[in-house]
Amino acid sequence: MNLLEIRDLRVSYRINGEDLPAVRGVDLDVQAGETVGIAGESGCGKSTLAGAVLRLLPNGTRVTGQVRLAGEDVLSMSWGRLRAVRWNTASIVFQAAMHGLNPVRRIGQQIAEPILVHEPAAGTRRAAARAAELLEQVGVPAWRVRSYPHELSGGQRQRVMIAMALACDPQLIVADEPTTALDVMVQAQVLNLLRDLVRERGVGLLMISHDLSVLADLCDRVAVMYAGRVVEQGPGGRLFTDATHPYARALAAAFPVIGDPASRMAPRGLPGDPPDPRELPSGCPFHPRCPDAVVVCGETDVRLREAGPDRTAACVHVGVTQEREGIR
Ligand SMILES: Nc1ncnc2c1ncn2[C@@H]1O[C@H](COP(=O)(O)OP(=O)(O)O)[C@@H](O)[C@H]1O
Ligand SMILES: [Mg+2]
């Protein structure tokens with residue numbers, strides 16, 4: 001069974017009476033012990049997707065489709081059940097950790113809070129001891145339980161957020177750019193920590209990052225999003241070296257790979273901007289920026305299709321030859 005199963009997820013924000021479609025029909029699965037990455041330019045809907053997993057989206061946001069978490073339908077769940085599932089079955093580590101912590105409460109109290117909500121029988125002392133233990137696990141000295149958020153470095157605060165996310169032993173962790181604000185050394189520590197959790201505890205990890213090298217390194221599978229949809233999905237280690245969708249290829253080419261002589265040349269930027277979700281181009285939403293666009297791309301909105309072993313892509317150029325030659 002999939003730990004997380006997302007089907008035809010659509011999310012629209014409502015702004016000044018206007019609908020802004022941020023996620024437009026995403027299918028995605030994460031299994032226990034699996035790391036699935038999401039890549040894509042800013043604004044393509046990554047954080048919206050993350051928020052939908054635990055219904056952490058602003059009031060008035062329209063969400064349709066299916067989100068099943070450990071077999072339970074999140075979108076139709078009662079509030080009581082949802083509160084029980086948050087932290088416990090799944091937890092989210094957001095980017096910008098400072099905003100996720102209460103500035104006037106000690107670190108230890110904040111980590112103990114989800115434990116006490118879910119396990120009142122644990123009692124304050126046991127919850128506090130567990131908070132200290134969790135801090136050490138994420139590489140922050142246990143005495144920091146007495147500190148306030150402003151007394152910690154950015155890296156330590158991010159690790160505190162991860163400690164909170166682990167507090168109730170969740171089966172799924174959604175990490176939304178968890179290392180973006182960190183310097184490279186701390187980033188490596190946090191990534192190793194996440195990797196260990198997946199390996200040792202069989203946690204499922206949905207990892208959102210704009211850093212393709214992080215995704216290639218950490219993920220079993222990666223989905224590339226563009227304008228609220230997945231445009232290519234494939235094995236993490238290889239997705240960016242042999243991407244098939246022109247957008248995934250452009251994204252990979254725009255990213256320098258340290259140590260790779262081929263990328264010693266300046267990385268190639270992607271011309272143009274992502275489209276305004278309220279005024280999406282006709283046909284394939286990437287076609288105005290696409291180097292391979294042909295007339296039909298402005299007319300036909302292609303959905304994901306098979307693009308090789310373990311790989312799907314949404315592009316008219318993909319899979320066509322195989323179909324013509326009757327290979328599939
Ligand atoms: N709370 C919100 N209210 C209205 N629009 C939003 C909100 N959050 C995100 N958006 C819009 O939804 C789209 C997707 O945003 P987001 O999911 O944050 O993308 P990403 O995480 O990939 O940068 C963007 O156009 C963004 O401006
Ligand atoms: Mg985001």
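Just follow the structure's listing: the first ligand is 1, and inside any ligand the first atom is 1. Residue numbers run from 1 in the order of the sequence given.
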Q) Does the side chain of Val160 come within less than 4.5 Å of Gln110's, by heavy atoms? A) no
**Q.** For atom 15 (O) of ligand 1, the option (of Thr48, Val23, Leu20) bearing the nearest heavy atom
**A.** Thr48
**Q.** Trace of the side-chain contact (heavy atoms from CB on, under 4.5 Å) decision for Glu177 with Lys46
**A.** CA-CA 10 Å; Glu177 310 264 11; Lys46 306 182 297 294; 3.9 Å; yes
Q. With the threshold set at 4.0 Å, does a side-chain nitrogen-carboxylate oxygen contact exist between Arg303 and Asp301?
A. no
**Q.** Distance-only polar pair, side chains of Arg81 and Ser78, donor-acceptor under 3.5 Å
**A.** no
Q: Look at atom 25 (O) of ligand 1 and say which protein heavy atom is nearest, naming residue and atom and giving the distance to 0.1 Å.
A: Pro277 CG, 3.4 Å
**Q.** From Arg289 atom CZ to Cys284 atom SG, the distance as rounded to the nearest 0.5 Å
**A.** 11.5 Å
Q. Under a 4.0 Å N-O cut-off, is there an ion pair linking Arg238 with Asp310?
A. no
Q: Look at atom 27 (O) of ligand 1 and say whether a protein heavy atom is found at less than 4.0 angstrom from it.
A: no
**Q.** Per-atom contacts of ligand 1 with Ile15, taking only distances under 4.0 Å to non-hydrogen atoms
**A.** 4 (C), 5 (N)
Q.
One thing to verify: whether Arg201 and Asp169 come together as a salt bridge, which I'm taking to mean a side-chain N less than 4.0 angstrom from a carboxylate O.
A. yes
Q: Give the single entry among Ala39, Ala50, Gly43 that approaches atom 13 (C) of ligand 1 most closely by any heavy atom.
A: Gly43
**Q.** Metal site the Mg ion (ligand 2): N/O/S of Ser42 inside 2.8 Å
**A.** no
(Q) Distance under 4.0 Å to a non-hydrogen atom of Ala22: what atoms of ligand 1 satisfy this? (A) 12 (O), 13 (C), 14 (C)
Q) Which atoms from ligand 1 have a heavy atom of Ser42 less than 4.0 Å away? A) 23 (O)
**Q.** Exercise: do Ser47 and Asp176 side chains pair donor with acceptor under 3.5 Å
**A.** yes
Q. Of the protein's non-hydrogen atoms, which lies at the shortest distance from atom 18 (O) of ligand 1, and what is that distance?
A. Ser47 CB, 3.8 Å
**Q.** Residue and atom name of the nearest protein heavy atom (relative to atom 19 (O) of ligand 1), distance in Å to one decimal
**A.** Gly45 N, 3.2 Å
Q: Around atom 10 (N) of ligand 1, find the nearest protein heavy atom and jot down its residue, atom name and distance.
A: Tyr13 CE1, 3.4 Å
Q: Go through ligand 1 atom by atom and flag the ones less than 4.0 Å from a non-hydrogen atom of Pro58.
A: 1 (N)
